[in-house]
Novice: 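One structure is given below, represented as structure tokens, and several questions about it will come after.
Residue numbers run from 1 in the order of the sequence given.
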Amino acid sequence: MRIRIRDLFIRYPALDRLRRSVLVAICNHGSSFFTNTYRITAFIPKAAKPYIKNIWAEDAEDKGGDKVPPAIFAIYHGRMCGLTGLRPRRKVTILISHSRDGEMIARAAQSLGFATARGSSAHGGMKGALEMVSAAKAGQRLSYTVDGPRGPRYQVKESIIRLAEMTSLPIIPFVCHARQTYWMESWDNFMAPWWGTPIVYLFGEPMHVPANLNKSNYEDLATELEDQLAHLRQLGACFY
């Protein structure tokens, strides 16, 4: 009889917990090590600067820096590595799936200092949305993977437009690109930058979503955001 490794983890929960703990530790320490070596160059349009200033200073607000108004950062699932450069991390809430893989990602994100909300279009979507709304009311910046949790890659889903409508927060398109990177053979073509490689952060113009939208409005705004992100992705590729 053929035994799959996945079946062993399902059959022995303690073994699965050990596996997740090891993977979280690797993700945590690996992310900390690599992100401390990245050389980041950022391009921020004038209209987006009020939402991004001091964002790389972990303790800027603690030392009397200007408070930064919250916004929703729209990112690709495959470019989530860019989130490690957004600080203070404790002021960024990330929406993460309730899946088994999502559990590991959530624990790793929390260990890196981020706040998390749990839910996705497939599992606990309403719960996740309500947690994100609560985080927005508390002054948190929100991070939302526009094509998650399972794609199609680079296709913006209307759920981020609905979240912006619910929270009254502007959407800031955000794409990162590295000079040297390993592109994983996954549905999202995940970008894993090499140690010490230069990275460019490209932010787009803020998108303000009005209230009381209809179905057509959601579709149009999702397409507009998708076009903005595609443009930033193409610009990033031109740098490196």
Novice: Could you grab the distance from atom NZ of Lys137 to atom CE of Met132, nearest 0.5 Å is fine?
Specialist: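 Here the rounded value is 14.0 Å.
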Novice: Is the backbone N or O of Thr116 less than 3.5 Å from a side-chain atom of Gln110, with the two atoms forming a donor-acceptor pair by type?
Specialist: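 Side chain of Gln110 to backbone of Thr116, a donor-acceptor pair under 3.5 Å: no, none is there.
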Novice: Tell me, with the steps shown, if Val146 and Ile75 meet side-chain contact (heavy atoms from CB on, under 4.5 Å).
Specialist: CA-CA 6 Å; Val146 296; Ile75 66 170; over 6 Å; no
Novice: Are any non-hydrogen side-chain atoms of Phe43 and Thr41 less than 4.5 angstrom apart?
Specialist: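 Touching, per the 4.5 Å side-chain cut-off.
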Novice: Give a yes or no answer on whether the side chain of Thr197 reaches the backbone of Pro193 with a donor-acceptor pair at less than 3.5 Å.
Specialist: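 No: the side chain of Thr197 does not pair with the backbone of Pro193.
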Novice: Checking the side chain of Asp147 only, and the main-chain atoms of Tyr154 only, is there a donor and an acceptor separated by less than 3.5 Å?
Specialist: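 Flag set: sc Asp147 to bb Tyr154 pair under 3.5 Å.
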Novice: Work out which heavy atom in Leu163 is nearest to a heavy atom in Ala129; give both atom names and the distance.
Specialist: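 Answer, listing the atom of Leu163 first, then Ala129: CD1-O, 4.4 Å.
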Novice: Using 30° and 60° as the class boundaries, would you call the ring planes of His77 and Trp187 parallel, tilted or perpendicular?
Specialist: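 Answer is tilted, since the angle falls between 30° and 60°.
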Novice: Can you tell me how far the CD1 atom of Ile171 sits from the CD atom of Glu224, to the nearest 0.5 Å?
Specialist: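 Result: 9.0 Å between the selected atoms.
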Novice: For Pro70 versus Pro170, what's the shortest heavy-atom pair and its separation?
Specialist: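 Distance-wise, the nearest heavy atoms are O-CD, 4.0 Å.
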Novice: If you compare all heavy atoms of Glu205 against all heavy atoms of Gln228, which two are closest, and at what distance to 0.1 Å?
Specialist: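 Closest approach of Glu205 to Gln228, heavy atoms only: N-OE1, 3.3 Å.
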Novice: Any side-chain heavy-atom pair from Val92 and Leu142 closer than 4.5 angstrom?
Specialist: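 The answer is no, as the side chains (C-beta and beyond) never meet within the 4.5 Å cut-off.
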Novice: Would you find a donor on one side and an acceptor on the other, under 3.5 Å apart, between the side chain of Glu226 and the backbone of Val156?
Specialist: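 Yes, because the side chain of Glu226 sits within donor-acceptor range (under 3.5 Å) of the backbone of Val156.
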Novice: Between Met184 and Asn189, is there a side-chain heavy-atom distance shorter than 4.5 Å?
Specialist: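 Asn189 vs Met184: side chains apart.
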Novice: Which atoms form the tightest heavy-atom contact between Leu232 and Gly204, and what is the distance?
Specialist: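 Leu232 and Gly204 have their closest heavy atoms at CD1-N, 3.7 Å.
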Novice: Under 3.5 Å, is there a donor-acceptor pair between the side chain of Thr181 and the main chain of Met191?
Specialist: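 Such a contact is absent between Thr181 side chain and Met191 backbone.
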Novice: Is it the case that the side chains of Ser216 and Asn214 hold a donor-acceptor pair, with the cut-off being a distance below 3.5 Å and no angle test?
Specialist: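 Short answer, no.
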Novice: Going from SG on Cys176 to CZ on Phe203, what distance comes out if it is rounded to the nearest 0.5 angstrom?
Specialist: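 Taking SG in Cys176 and CZ in Phe203, the distance rounds to 9.5 Å.
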Novice: If you look at every heavy atom in Ile94 and Ala109, which pair is closest and at what distance?
Specialist: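 Of all heavy-atom pairs spanning Ile94 and Ala109, the closest is CD1-CB, 4.4 Å.
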Novice: Does Lys127 use its side chain to pair, donor to acceptor, with the backbone of Ala117 at less than 3.5 Å?
Specialist: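 Checked: no pair found.
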Novice: Heavy-atom distance under 4.5 Å between the side chains of Ile172 and Ile72, does that happen here?
Specialist: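 No. Closest side-chain heavy atoms not under 4.5 Å.
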Novice: Would you find a donor on one side and an acceptor on the other, under 3.5 Å apart, between the side chain of Gln140 and the backbone of Arg90?
Specialist: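 Present.
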Novice: Shortest non-hydrogen contact from Leu83 to Ser143?
Specialist: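 Heavy-atom minimum between the residues: CD2-OG, 3.3 Å.
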Novice: To the nearest 0.5 Å, how far apart are CG in Leu202 and CZ in Phe239?
Specialist: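 The CG atom of Leu202 sits 5.5 Å away from the CZ atom of Phe239.
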Novice: Please report whether the ring centroid of Tyr144 lies less than 6.0 Å from that of Phe174.
Specialist: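 They do not qualify: ring centres at least 6.0 Å apart.
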Novice: What do the steps show when you test Phe73 against Ile52 for side-chain contact (heavy atoms from CB on, under 4.5 Å), and what is the final call?
Specialist: CA-CA 10 Å; Phe73 290 95; Ile52 300 172; 4.2 Å; yes
Novice: Against the six-membered ring of Tyr51, is Arg141 placed for a cation-pi contact (under 6.0 Å from the centre, within 45° of the normal)?
Specialist: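 The answer is no, since Arg141 fails at least one limit relative to Tyr51.
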Novice: Test your reading of the model: is there a side-chain donor-acceptor pair from Arg118 to the backbone of Leu95, 3.5 Å cut-off?
Specialist: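 Pair absent, no side-chain N/O of Arg118 close to backbone of Leu95.
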Novice: Are Leu221 and Leu213 side-chain neighbours, meaning at least one heavy-atom pair lies under 4.5 Å?
Specialist: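 Contact flag for Leu221/Leu213 side chains = yes.
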Novice: Given side chains that start at C-beta, do those of Asp227 and His231 come closer than 4.5 Å, heavy atoms only?
Specialist: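 When only atoms from C-beta onward are counted, His231 and Asp227 do not touch, as no gap falls below 4.5 Å.
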Novice: Under the criterion side-chain contact (heavy atoms from CB on, under 4.5 Å), I'd like the reasoning laid out for Leu225 against Met207: C-alpha separation, chi angles, the key distance, then a yes or no.
Specialist: CA-CA 8 Å; Leu225 177 58; Met207 176 185 290; 3.7 Å; yes
Novice: Within the distance-only criterion (no hydrogens, no angle test), does the side chain of Asp188 pair as donor or acceptor with the backbone N or O of Arg153 below 3.5 angstrom?
Specialist: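 Checked: no pair found.
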Novice: Check whether any side-chain heavy atom of Arg89 sits under 4.5 Å from a side-chain heavy atom of Leu112, and report yes or no.
Specialist: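 Yes - at least one pair of side-chain heavy atoms lies under 4.5 Å apart.
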Novice: Rounded to the nearest 0.5 Å, what separation is found between the CH2 atom of Trp194 and the CZ atom of Arg179?
Specialist: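 It is 12.0 Å, given to the nearest 0.5 Å.
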Novice: Quick one, Arg233 with Tyr76, criterion side-chain contact (heavy atoms from CB on, under 4.5 Å). Give me CA distance, side-chain angles, the key distance, then yes/no.
Specialist: CA-CA 10 Å; Arg233 190 175 77 249; Tyr76 291 128; 2.7 Å; yes
Novice: In Å, rounded to the nearest 0.5 Å, how long is the span from CE of Met80 to OG1 of Thr145?
Specialist: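 Result: 6.5 Å between the selected atoms.
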